[in-house]
Amino acid sequence: MTDEMTDGIVFDIKKYSINDGPGIRTTIFLKGCPLRCQWCHNPESQSPQPEVLYRANLCDECQECVDACQNGAITWSDSGPLTDRLLCERCGDCVEACLAEARQLVGRSMTVQEVMEEIRRDITFFDESSGGVTLSGGEPLMQKDFALAILQACREQEIHTVLDTCGFASWSLVRKFAPFVNLFLYDLKAIDMERHLETTGRSNERILDNLQKLSRMGAQVLVRIPVIPRVNDDPDEMGRIGEFLAGLPNRHPVELLAYHNIAEGKYSGLDRTYGLPDMQPPGFERMQALAGILGSFGLEVKIQAG
């Protein structure tokens, strides 16, 4: 039996999702990621700990956050509140004091039981649409006990499961998860190791090796490639990706996701610098051309906007 009192840090639960696997799904977003992709559209997912996100456009300059912070982490300036992240204990007092909802505590502790209570409310939608539950992030494998317990609980309820992963983990861990995952959404950014290291902070050796092993064991995998200008949108790199995927023990469908910059504002709200300023999303013609390159290797390719 699953230990439903196992707990972890969740930063969002998205209901009625249609882009995170088949059918209508409930997607559970877990905090923590080993990569630091320059284009990450969920920067609030990277740290494993809860953190405060500030939205300047909502601030009414009441300065209640300054008074509410007992650690003196928030001061006021001509441009608004400044947060000393080293002093901030992520207690949420400033969030509660902000009636304008300009401050948000991202990440809360939940037990498996609490997550499953949310999931069970949606079972009717799963049954009607052949949907289920997707674990995303961040990287769910970073909260291995919590994530595995959720997947096991879903299996006991006969709920279809998807794991959205960057693949950066030990093979022993990935293999432990495999029996409880109906479909892997496997992110693949680049084949060129130096390019991957420069733009994500990690080597891709483990990622490529795990994908090969999942393919060899016959796992259901949908390879998802975020198309990032100057990272993997050139014909040579996409050709290398196509050659690698075509050489796997089994053929897996591929989905291209166009880069977007709609999350750029989150970075300033977390006092971070966005890694790809002024980067423009790839146009549809470019996406079609890249899909054509992959298709030339006999791969089944679809394009998903954003």
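Here, residue 1 is the first one in the sequence, and each next residue gets the next number. Here the structure is a predicted model, which is why all the values come from computation and not from measurement.
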Walk me through whether Arg240 and Asp236 qualify under salt bridge (Lys or Arg N to Asp or Glu O under 4.0 Å).
CA-CA 6 Å; Arg240 284 191 285 266; Asp236 288 343; 5.4 Å; no
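For Pro43 against Arg272, the heavy-atom pair with the smallest separation is O-NH1, 2.7 Å. Here the closest heavy-atom approach between residue Gln157 and residue Ile123 is recorded as OE1-CD1, 4.3 Å.
Every pair passing salt bridge (charged side-chain N to carboxylate O under 4.0 Å, His left out) that includes a residue from residues 84-99 is listed here, sequence neighbours excluded: Arg85-Asp271. The list of ring pair (Phe, Tyr, Trp, His ring centres under 6.0 Å) pairs with a residue in residues 176-216, not counting sequence neighbours, is empty.
At least one side-chain heavy atom of Leu188 sits less than 4.5 Å from a side-chain heavy atom of Leu208. Contact check for Asn250 versus Val221: no side-chain heavy atoms found under the 4.5 Å cut-off.
Residue-environment remark: NZ (Lys302) stays at or below the threshold of 12 foreign heavy atoms within 6.0 Å. Annotation: Gln288, atom CD; neighbour count of heavy atoms from other residues, nucleotides and ligands within 6.0 Å is above 12. More than 12 non-hydrogen atoms from other residues, nucleotides or ligands lie less than 6.0 angstrom from CG of Asn57.
Using cut-offs of 30° and 60° on the angle between ring planes, the pair Phe11 and Phe29 is tilted. Taking the six-membered ring for Trp and thresholds of 30 and 60 degrees, Tyr267 and Tyr274 have ring planes more than 60 degrees apart, a perpendicular arrangement.
Under the 3.5 Å distance criterion, with hydrogens and angles disregarded, no donor-acceptor pair is assigned to the side chains of Ser130 and His160. Ser172 and Ser170 share a donor-acceptor pair across their side chains, judged by distance under 3.5 Å alone.
When the options Thr27, Thr134, Thr26 are evaluated for a side-chain hydrogen bond (donor to acceptor under 3.5 Å, both in side chains) with Asp20, the one that passes is Thr27.
Annotation for Leu183: hydrophobic cluster partners, listed by chain and number, are Val162, Leu185, Leu222 (ILVMFWY side-chain heavy atoms under 4.5 Å, direct or chained).
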